Amino acid sequence: MEIPVLDPAVGYINRPIDRFLNLFDEIERLKTEKKAIILAHYYQEPDIQDIADYIGDSLGLARQAAETDAEIIVFAGVHFMAETAKILSPQKKVLLPDLNAGCSLADACPADEFAAFKAQHPDHIVVSYINCTAGTKALSDIICTSSNAEHIIRQIPEDQGIIFAPDRNLGRWLIKQTGRDMVVWDGVCIVHQMFSEQKLVRMKVRNPGAPVLAHPECEPEVLRHADFVGSTSQIRRFAKEDPRTTFIVATEEGILHQMQKDSPGKTFIGAPPESGCACNQCPHMRLNTIEKLYLCLEHELPEITMDEATRLRAKAPIDRMLAMSAAVK
Ligand code: 13P
Ligand code: SF4
């Protein structure tokens, strides 16, 4: 077979695929042949979620990446997630269907700028949201996800100053929940930032009794209308267990696929974005497609690599997170 070359400007294997090929069967075959596992985030397109071996939030995906005995991890998510998998499982080949699947939060916090910011607060402990690059993780003391952030902040002694990066909305939410005074980096998620408070209020009026389930990356103006705030897995679990039948969901709309599968008789309405666009789909997450996933598994490219010194420095705060939140679901 001709060895494909990855064009860095493109970021994925760009080859024609036989249109009659059953990609689901082919992916299953390749997975078995190559002892590969597909880990997918809830914000992936439904076809990818359906072919995945595990679907979860950032904490669940990190735990899976650390524990799997597969030889290849195909990470159907964004770059910082695949990078986290590589940090935790360096002996495994970690693949990302499209290398350009980034994240506005990770982009908002370049390691060199963050190092200068950190130097201004030398006595502070650094807690970073997992949505950041390996370089920023390497400058952090503890990593957290939206599932365990509050649990982790509450374990830090009251008199210890805290820097929180890079999501200002999650940071503000944590300050409100815990009463801790934190220095917060000014990053936002371009998807969660787009929900419209005004339209959400109208949606609530039209759907009386429907609880609003929101991700903490949303702006405070949206979070103040939420009946439940949590990570994607926590939102999914809440909707499954709650007896009500209609829910308004303020997060990336990919999660609705699993929520609907869990509860076919319930109605899930995506919270409205500011304009009439499809902006409650993450443009980074959605760069991955079933075709790119197939080509990535077939050619074992693009692969995540990083230098060992950065990996080891980035691993320490992730290990601390895993140890501090073993009880968090
Ligand atoms: P969680 O799935 O951990 O809640 O994260 C949401 C998110 O925005 C990931 O990019
Ligand atoms: Fe990043 Fe937001 Fe996309 Fe998640 S949804 S990957 S936080 S841009």
Side-chain angles (χ1 to χ4, degrees), residues 39-45 48-49 52 54-65 75-85 96-109 128-133 136-137 143-152 164-171 173-174 185-195 213-219 222-223 226 228-239 249-259 270-271 273 277-288 318 321-322 325 328-329:
L39 305 181
H41 188 265
Y42 288 118
Y43 298 165
Q44 293 295 285
E45 62 175 42
I48 294 182
Q49 294 190 35
Y54 175 84
I55 312 163
D57 66 3
S58 306
L59 180 60
L61 289 163
R63 285 174 173 155
Q64 288 291 321
F75 214 110
V78 290
H79 194 274
F80 76 82
M81 294 178 168
E83 219 175 35
T84 303
L96 180 64
D98 191 323
L99 219 43
N100 289 329
C103 169
S104 66
L105 282 168
D107 292 347
C109 193
S128 295
Y129 190 32
I130 198 163
N131 298 38
C132 63
T133 62
T136 298
K137 285 186 176 76
I143 297 301
C144 70
T145 73
S146 50
S147 282
N148 60 20
E150 186 178 334
H151 184 81
I152 284 175
F164 186 82
D167 185 0
R168 70 159 189 241
N169 287 333
L170 177 58
W173 169 252
L174 290 167
W185 183 269
D186 192 19
V188 284
C189 161
I190 50 166
V191 180
H192 290 87
Q193 183 195 26
M194 287 303 290
F195 295 115
L213 317 182
H215 196 280
E217 288 173 15
C218 293
E219 296 284 335
V222 165
L223 291 178
F228 177 78
V229 176
S231 72
T232 50
S233 290
Q234 290 166 342
I235 288 175
R236 177 185 176 187
R237 197 174 318 126
F238 183 97
V249 184
T251 191
E252 213 270 5
E253 67 180 24
I255 182 93
L256 303 182
H257 183 57
Q258 294 305 320
M259 293 168 90
C277 61
C279 19
N280 43 0
Q281 286 190 357
C282 172
H284 305 290
M285 289 275 183
R286 302 293 177 137
L287 280 179
N288 295 325
I318 301 175
M321 166 186 86
L322 294 173
S325 62
V328 174
K329 282 199 274 174

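Numbering of ligands and ligand atoms starts at 1, following listing order. As the structure is a computational prediction, the values presented were derived from the model and not from experiment.
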Paired with Glu217, the side-chain contact (heavy atoms from CB on, under 4.5 Å) test is passed by just one of Thr251, Leu105, Val191, namely Leu105
Checking a contact table here: which protein heavy atom is nearest [atom], and how many Å away?
| atom | answer |
| --- | --- |
| atom 9 (C) of ligand 1 | Met81 CE, 3.6 Å |
| atom 8 (O) of ligand 1 | Glu217 OE2, 3.0 Å |
| atom 10 (O) of ligand 1 | Asn131 ND2, 3.3 Å |
| atom 6 (C) of ligand 1 | His215 NE2, 3.3 Å |

Parallel, tilted or perpendicular: which describes the rings of His192 and His215, with under 30° parallel and over 60° perpendicular?
->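 Ring orientation, 0 to 90° scale: tilted.
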Rounded to the nearest 0.5 Å, what separates atom [atom1] in [X] from atom [atom2] in [Y]?
| X | Y | atom1 | atom2 | answer |
| --- | --- | --- | --- | --- |
| Thr84 | Leu59 | OG1 | CG | 11.0 Å |
| Leu256 | Ile235 | CG | CD1 | 10.0 Å |
| Cys144 | Glu150 | SG | CD | 11.0 Å |

Does Tyr43 reach ligand 1, in the sense of a heavy atom lying below 4.0 Å from it?
-> yes
Test item, Gln234 contacting ligand 1 (heavy atom, 4.0 angstrom) =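 Flag not set, Gln234 not near ligand 1.
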Enumerate the atoms of ligand 1 whose separation from the nearest heavy atom of Ser146 is less than 4.0 angstrom.
-> 1 (P), 3 (O), 4 (O)
Which atoms from ligand 1 have a heavy atom of Ser231 less than 4.0 Å away?
->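 Close to Ser231: 4 (O).
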Go through Asp57 and Thr232 one step at a time and tell me if the side-chain hydrogen bond (donor to acceptor under 3.5 Å, both in side chains) criterion holds.
-> CA-CA 6 Å; Asp57 66 3; Thr232 50; 4.7 Å; no
Is Thr145 touching ligand 1 with its side chain, its backbone, both, or neither, if touching means heavy atoms under 4.0 Å apart?
->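 Neither; no heavy atom under 4.0 Å.
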Side-chain donor or acceptor of Glu252 paired with backbone N/O of Cys282 under 3.5 Å | yes
Ser325 side chain to Val328 main-chain N or O, any donor-acceptor pair under 3.5 Å?
-> no
For atom 2 (Fe) of ligand 2, count the protein N, O or S atoms found under 2.8 Å away.
->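 Excluding waters, the total comes to 1.
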Exactly one of Ser58, Ser231, Ser233 clears side chain to side chain donor-acceptor pair (under 3.5 Å) with Ser147, and that residue is Ser231
Can you check whether Asp57 has an N/O within less than 3.5 Å of an N/O in ligand 1?
->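 No, no N or O pair falls under 3.5 Å.
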Just distances here: any N/O of His41 and N/O of ligand 1 closer than 3.5 Å?
-> yes
For the residue pair Ala108 and Trp185, what are the closest heavy atoms and their distance?
->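 For Ala108 versus Trp185, the nearest heavy atoms are O-NE1, 2.9 Å.
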Would you indicate whether the side-chain heavy atoms of Arg63 and Leu322 approach each other to under 4.5 Å?
->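 A side-chain contact under 4.5 Å exists here.
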